Every structure is written in structure tokens, then in C-alpha cells.
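Working notes for the structure below.
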Amino acid sequence: MKIYKAHILYTKEKDCFEVVENGYIAVDDGRVVGVGDSLSSLGCEGSEVTDFGDCMLIPAMNDLHVHAPQYRNQGIAMDLELLPWLENYTFPEEMKYADMGYAERMYRRFVRDLWRFGTMRSCVFATIHTESTRLLMQLFREAGMGALVGKVAMNRNCPDGLSETVEEAVKGNEALIAEFCETDALVRPIVTPRFVPSCTPEMLEACGVLASKYQLPVQSHLSENLSEIALVKELEPESTCYGDVYNRYGLFGQMPTVMAHCIWSQGEELELMKRNGVMVAHCPTSNLNIGSGMAPIRQFLDEGLRVGLGSDISGGHDLNIFRIMVFATQVSKMHYQQYHKAFLTLSEVFWLATKSAGSFFGRVGSFEPGYEFDALVIDDHDLNHSDYSLLHRLERFIYLGDDRHIVHRFCRGREIAEPRV
Ligand code: GUN
Ligand code: FE
């Protein structure tokens, strides 16, 4: 049993923070046993305590949608919309991941940067390349950080160097599944058809079979951009909506599924998502940078859809999920000007990034008993120059802080050291 002392802040529900000033948290076997305001309230009198003094202790961040092989393009190439952006900037970069030397250099930096910003779990797109995808999974495993990593399936509307046959896709996936097969391992494969325009019906069918045969989660993109949606209609005229294409192949909630963007999802598509428990990865920076639009997150929450936040590097430019919370709030305020739906609150965006997104990885993202202890210790003394309340201290860290304020990181109870680049 381990006991930590700090100011403890987390969200059980989206509408309010739980705040325990000078609180104690007991952790056993990687899971939270309880949170209290004294050792006796936890039944732990006399136990040894690790005291983080005036620091804040919060759940670690979860990134529900990020492209590791777009790391080099972070912060550049923002002048095109989705389809030409993919063709001109993204596909040429991803082709480089056939080269293991290049992949190792970039992937090491990528994992280190996730660590810097306190992201302990992520849903990651790699590329079609099995070898470099395996390397990325090994790097996460060495680091001790949680990740669902997808070898990306694609076989149409893409350059030759980024296309493979259905047989190659299945074989590569099965090799990774055999190596990373432990069901409660921190690093696991996720079935990853890139998006409908990149996958023939045969490829989508094979992906659905992989997900069901090996009981694996699924990730892809959905209703991000109007030209993309028009292209899907042209390619799959029999489908009643974009989401219906995935649904027909068992890739829409038959196994736990996260779909990035969903900006333009409506009607039947939203109903299907609700019914099947499909989770939305909201990526506000990406949606701004590649001009995709504003996702109606307030509506999604009101309707009971599951939502989390994603950085979507390199459509998004920022890997720091705290900064994504700020963008999600600001975009919701632009949306409010137009549609008069209430904008997102601080507790809501914090909950989206922690407990809500964390639910895709198991019992992750809260400090309720039984939750895995994924946590960050925040030393904000330079920001707290004027006796701010604990909630204002957290808000200032979210808006003004950066990785230098994160002084300890825990994933499943273990303290995570800086990964070697
Ligand atoms: N749709 C298909 N591929 C991608 C990608 O790499 N990034 C984004 N933002 N959307 C996509
Ligand atoms: Fe994406």
C-alpha cells in the first residue's frame, strides 16, 4: 500500500470537481483504495506517507486520437483542407516509416513528448508498416505508458508506398496481436481502418473480422470534412450514412470504438453512435487548423454520447491535452455565438480529458476506489503568487502552465521516468 498527500482534485461527474485540500490517497496494486482528508479516514493510521506538500494531484491525461508518424509535421502545413492535406503533406511523411532508423528517431521523441505533457494513455495511429508499428508498441511498453496502437489499414486512394493488400494487412495485424496478446496489458493493438476513402469494402470487412475474432477495440475517422463526406457517398452509395459503412462491417461499436471528429454527424448516424456506444474523439485544434468545422459537443453531451479529447497531431499542433481543454472551451464559445447552446465549463472539459476519455482504457481517469492510479503531481508555485483558491490554481495551470509544472507522473500506480530519446 502507498499513501500520497497533496491537494487532490478530480471529477466524478462532469458538472463539479472533487477537491480535497491537504488530502491523502491510498493506492494498492496500482489501484486507488480511497481518498480522504486524514489517514484515519482511510484506516491507515501510522502508514508511511509520500508528502507532495503544496502541490496538486490530479488524474493523468488521456489522448483519444493521435497520429505518431505525423510527429515531424507538427506545427507546419496548415494551409490545406483534409483531402489535399493528406495527399500533399501527410501521406508523403507517413511513407518514411518503412525506414526503421527514421521511425525510431521520431517515435522515441513522440513517446517522450506524450510523457512530458502528462499523457499516460493514448489511442495512437501508426502507419501500414508492421515493423515500425511494433517498435512504437515496444517503446510505449518500455516507458510503462498505456497505449492502444493501430497498424493503419489502407488500400485505396493512397500512394503505392502506403498501400498494402488485405492479406498483408491481416498478416501484419495478426503478428502484432500474437506479440501483444495479454488482455490487461498497458499496450495493446487496436484495429485501425484509416477511414472509408482509404479502405475498400474487402479491407473494411477484414478489419471487422479481426476486431471480432481477437476481441479488439476499433478506431477510425468519421464525418470530419464535407468533401470527405461527399467522397464517401460516391464510394459507398448503398450506405445510408458514413457511419453506416463502418457499422455494416462490424466496426461501429460491436467492439469498443472511438471515432475522431464527428463534426458533421447527425440523424441516423448519431442514433447509431448512441445505440452502439461509439465514442467521439473531439479534436478542436485539428478542426481549426485544417478548417473542418466546429463539433457540437454540448449537443453530444446532452444526448448522452460518450466524448473524449484528442490532440490529432499533426492536424492538431499541440500534444498538450491541457491546452486542448482550453481550445475545446473556446470553440464551444464560438459555437455558442452561432447556435446558443451553453458553452463547456472547466469541470466538463477536465472530465472529458480524464474520466470520460479514460473510460476507453478501463477504470481510468478518476480517483474513485478501484480506479487505476494514473496521476500527475503539479507544482504551480510560480503561478500561485497571490493566494488563489485550489480551483483557480488548477484553472491557471490549465490555461498558463506547461510540462515544467508536472513534477511526477504515475501510470497504473508506477512512477514513470522520462523515456530515453
Ligand atoms: N482522415 C484520414 N486520415 C486522417 C489524418 O491523418 N488526420 C485527420 N485529421 N483526418 C484524417
Ligand atoms: Fe486523425
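Since the model is a prediction, treat every value here as computed from it, not as a measurement. Numbers here are sequence positions counted from 1. Note that ligands are numbered from 1 as they come in the structure, with each ligand's atoms numbered from 1 the same way.
For Arg141 and Glu182, the salt-bridge test fails: no basic side-chain N is under 4.0 Å from an acidic carboxylate O. Using a 4.0 Å cut-off between a side-chain N of Lys or Arg and a carboxylate O of Asp or Glu, Lys213 and Glu174 qualify as a salt bridge.
With the Fe ion (ligand 2) as vertex, Asp312 OD1 and His67 NE2 subtend 90°, rounded to 10°. With the Fe ion (ligand 2) at the apex, His221 NE2 and His65 NE2 define an angle of roughly 90° (rounded to 10 degrees).
At under 3.5 Å, a nitrogen or oxygen of Arg194, whether backbone or side chain, sits near a nitrogen or oxygen of ligand 1. Distances between N or O atoms of Gln70 and those of ligand 1 include at least one value under 3.5 Å. Taking any N or O of Glu94, backbone or side chain, none lies under 3.5 Å from an N or O belonging to ligand 1.
Contact atoms of ligand 1 toward Leu86: 2 (C), 3 (N), 4 (C), 5 (C), 6 (O) (distance under 4.0 Å to a heavy atom of the residue). Of all atoms in ligand 1, listed by their number and element, those nearer than 4.0 Å to a heavy atom of Glu224 are 1 (N), 8 (C), 9 (N), 10 (N), 11 (C). Less than 4.0 angstrom separates some heavy atom of His67 from each of these atoms of ligand 1: 5 (C), 6 (O), 7 (N). Atoms of ligand 1 lying under 4.0 Å from at least one heavy atom of His261, given by number and element, are 9 (N).
Interatomic distance, Arg188 CZ to Phe361 CZ, rounded to the nearest 0.5 Å: 9.5 Å. Taken to the nearest 0.5 Å, the CZ atom of Phe350 stands 5.0 Å off from the CE atom of Met61.
Contacts of Tyr89 with ligand 1, taken as heavy-atom pairs under 4.0 Å, are absent altogether.
The aromatic ring centroids of Phe125 and His221 lie less than 6.0 Å from each other.
Of the candidates Ile313, Asp312, Val196, Val66, it is Asp312 that places a heavy atom closest to atom 9 (N) of ligand 1.
Applying side-chain contact (heavy atoms from CB on, under 4.5 Å) to Leu352 and the options Ile324, Val280, Ile321, Leu309 leaves one that passes, Leu309.
Residues Trp115 and Met120 are in side-chain contact: their nearest non-hydrogen atoms beyond the backbone lie under 4.5 Å apart. Residues Ser314 and His67 are not in side-chain contact: their nearest non-hydrogen atoms beyond the backbone lie 4.5 Å or more apart.
Residue contacts with ligand 1 do not include Phe125, since none of its heavy atoms lies under 4.0 Å from the ligand.
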